[in-house]
Amino acid sequence: MADKDEYLLVLDFREHGGRSGKDEPVAQGIGKDNYNLLEVVMREDERPKGGEELYIGDGERDRVKYIKSKIDYSDLTGNSKSELKYVLQAMINDKEEEFVEFFNEATPVTPRRHAFELLPGIGSKHMQKLLDEREDDEFESLDDVKERVPSVPDPREAVIERITSELKGETKRNLFVKG
């Protein structure tokens with residue numbers, strides 16, 4: 001994996017195995033920094049809950065036995081898909097500064113398209129309003145984006161939708177998913 005994640009946020013836990021059919025405790029999750037979707041084998045007696053953070057980096061892992069594989073969105077269980085939105089909401093709240101930075105520093109991605117236009121619900125008019133507001137003063141928070149440009153879809157929801165689309169492989173260019 002080019003961009004390894006140090007921590008995984010649990011989407012689903014299966015006591016008796018995952019996709020391979022082996023009878024081992026498996027958790028599906030999303031990497032906290034690069035948004036890799038992974039399946040990990042848990043140590044005995046470990047039963048993580050949705051949204052729980054697990055260390056998966058190099059070195060001693062106290063709760064995870066090993067990383068089984070990187071998986072695609074289509075490999076996620078129904079529970080994982082349901083939990084994804086809530087885990088992404090929590091991630092965005094925890095790392096809000098990074099997403100505010102995106103709104104403060106996003107640039108054109110091609111001569112005809114700006115990164116803002118790659119967010120669901122944001123077209124050229126919204127993009128221009130965001131750029132005008134940003135030129136006056138940097139955004140302080142995602143709520144600040146929402147208050148100063150009320151016609152733009154909720155920035156948190158737009159980011160969640162975009163990350164989900166990237167995880168599904170529906171985008172030509174990723175803004176957030178690195179894996």
Side-chain angles (χ1 to χ4, degrees), residues 1-20 22 24-107 109 115 118-119 139-143 145 155-179:
M1 268 180 278
D3 292 306
K4 285 185 174 181
D5 284 293
E6 291 277 307
Y7 292 93
L8 183 79
L9 294 172
V10 175
L11 297 172
D12 191 16
F13 172 70
R14 294 192 143 186
E15 181 98 28
H16 298 289
R19 302 171 301 121
S20 68
K22 285 186 183 173
E24 55 191 357
V26 171
Q28 289 186 338
I30 184 168
K32 197 171 177 182
D33 293 318
N34 298 304
Y35 309 101
N36 289 305
L37 293 174
L38 300 169
E39 200 164 72
V40 299
V41 176
M42 301 302 300
R43 294 194 181 280
E44 202 171 310
D45 298 326
E46 290 292 341
R47 289 167 181 75
K49 305 275 184 258
E52 208 172 314
E53 185 176 288
L54 301 174
Y55 178 71
I56 58 165
D58 295 333
E60 189 64 31
R61 299 180 185 134
D62 57 341
R63 301 181 65 199
V64 173
K65 199 186 260 185
Y66 61 92
I67 298 170
K68 190 171 181 174
S69 64
K70 186 173 178 180
I71 58 176
D72 293 325
Y73 181 86
S74 61
D75 297 322
L76 292 176
T77 64
N79 286 344
S80 288
K81 289 176 183 176
S82 298
E83 189 72 15
L84 182 62
K85 180 176 182 170
Y86 302 107
V87 169
L88 288 175
Q89 284 172 339
M91 285 173 80
I92 290 166
N93 290 337
D94 287 348
K95 301 184 339 177
E96 183 171 357
E97 309 81 44
E98 289 179 35
F99 294 100
V100 172
E101 187 177 309
F102 168 79
F103 280 92
N104 283 326
E105 297 179 5
T107 58
V109 290
L118 299 180
L119 293 173
F139 296 110
E140 300 290 322
S141 67
L142 294 176
D143 288 336
V145 174
R156 283 179 181 83
E157 289 301 314
V159 169
I160 288 169
E161 280 185 54
R162 179 63 194 197
I163 291 171
T164 303
S165 292
E166 290 178 19
L167 290 171
K168 289 178 177 178
E170 297 172 344
T171 59
K172 288 181 183 161
R173 175 185 307 267
N174 287 359
L175 296 176
F176 304 108
V177 175
K178 296 173 184 80

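Numbering of residues begins at 1 and proceeds along the displayed sequence.
In this view, S82 satisfies the side-chain hydrogen bond (donor to acceptor under 3.5 Å, both in side chains) rule with no residue, not counting sequence neighbours. Applying the side-chain hydrogen bond (donor to acceptor under 3.5 Å, both in side chains) rule to K81 yields no partners; only residues at least two apart in sequence or on another chain are considered. Scanning for side chain to side chain contact (heavy atoms under 4.5 Å, CB included) contacts around D58 gives K4, with sequence neighbours left out. Not counting sequence neighbours, the partners of F99 by the ring pair (Phe, Tyr, Trp, His ring centres under 6.0 Å) test are F176. Applying the ring pair (Phe, Tyr, Trp, His ring centres under 6.0 Å) rule to Y86 yields no partners; only residues at least two apart in sequence or on another chain are considered. The side-chain hydrogen bond (donor to acceptor under 3.5 Å, both in side chains) check on E44 picks up nothing, with sequence neighbours excluded. For the salt bridge (charged side-chain N to carboxylate O under 4.0 Å, His left out) test, no residue two or more places apart in sequence or in another chain qualifies with E105. Under the side chain to side chain contact (heavy atoms under 4.5 Å, CB included) criterion, P48 pairs with V10, F13, A27, M42, E52, L54, R63, not counting sequence neighbours. Evaluation of the ring pair (Phe, Tyr, Trp, His ring centres under 6.0 Å) rule for Y7 yields Y55 as partners, not counting sequence neighbours. Every residue two or more places apart in sequence or in another chain that forms a side chain to side chain contact (heavy atoms under 4.5 Å, CB included) with E60 is listed here: R43. Applying the side-chain hydrogen bond (donor to acceptor under 3.5 Å, both in side chains) criterion to K95, with sequence neighbours excluded, gives Y35.
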Give the table of side-chain donor-acceptor pairs shorter than 3.5 Å for residues 155-162, with sequence neighbours excluded, one pair per line with atom names and distance.
unit_1 : atom_1 : unit_2 : atom_2 : d
R156   : NE     : N93    : OD1    : 3.1
R156   : NH1    : D143   : OD1    : 3.0
E157   : OE1    : K85    : NZ     : 3.4
R162   : NE     : E166   : OE2    : 2.8
R162   : NH1    : L118   : O      : 2.9
R162   : NH2    : R173   : O      : 2.3

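Looking only at side-chain heavy atoms (C-beta outward), L11 and N79 stay at 4.5 Å or farther from each other. The shortest distance between side-chain heavy atoms of I71 and L76 falls below 4.5 Å.
Salt bridge K65/E46: absent, no basic N to carboxylate O contact under 4.0 Å.
For R61 (side chain) and I56 (main-chain N/O), a donor-acceptor pair under 3.5 Å exists by modelled atom type. With hydrogens and angles ignored, the 3.5 Å screen pairs no side-chain donor or acceptor of N36 with any backbone N or O of G31. For Q28 (side chain) and L37 (main-chain N/O), no donor-acceptor pair under 3.5 Å exists by modelled atom type. Within the 3.5 Å criterion, the main-chain N or O of N174 finds no donor-acceptor partner in the side chain of T171. Counting only distance, with no hydrogens or angles, the side chain of N34 and the backbone of D3 share a donor-acceptor pair below 3.5 Å.
The shortest non-hydrogen separation linking F139 to N104 is N-OD1, 2.7 Å. The nearest pair of heavy atoms linking S80 to D12 is OG-CB, 3.0 Å.
Rounding to the nearest 0.5 Å places CD of E53 at 8.5 Å from CG of D94. L167 CG to I163 CD1: the interatomic distance, rounded to the nearest 0.5 Å, is 7.5 Å. The structure places CG of D33 at 11.5 Å from CG of L8, a figure rounded to the nearest 0.5 Å. Here the CZ-CD distance, from R14 to E24, works out to 13.0 Å after rounding to the nearest 0.5 Å.
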Pair L88-T164, side chain to side chain contact (heavy atoms under 4.5 Å, CB included): steps then yes or no: CA-CA 9 Å; L88 288 175; T164 303; 3.7 Å; yes
Does the pair R47 and E15 meet the rule for a salt bridge (charged side-chain N to carboxylate O under 4.0 Å, His left out), with working shown? CA-CA 8 Å; R47 289 167 181 75; E15 181 98 28; 2.7 Å; yes
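Between the side chains of E39 and S69, no donor-acceptor pair of N or O atoms lies under 3.5 Å.
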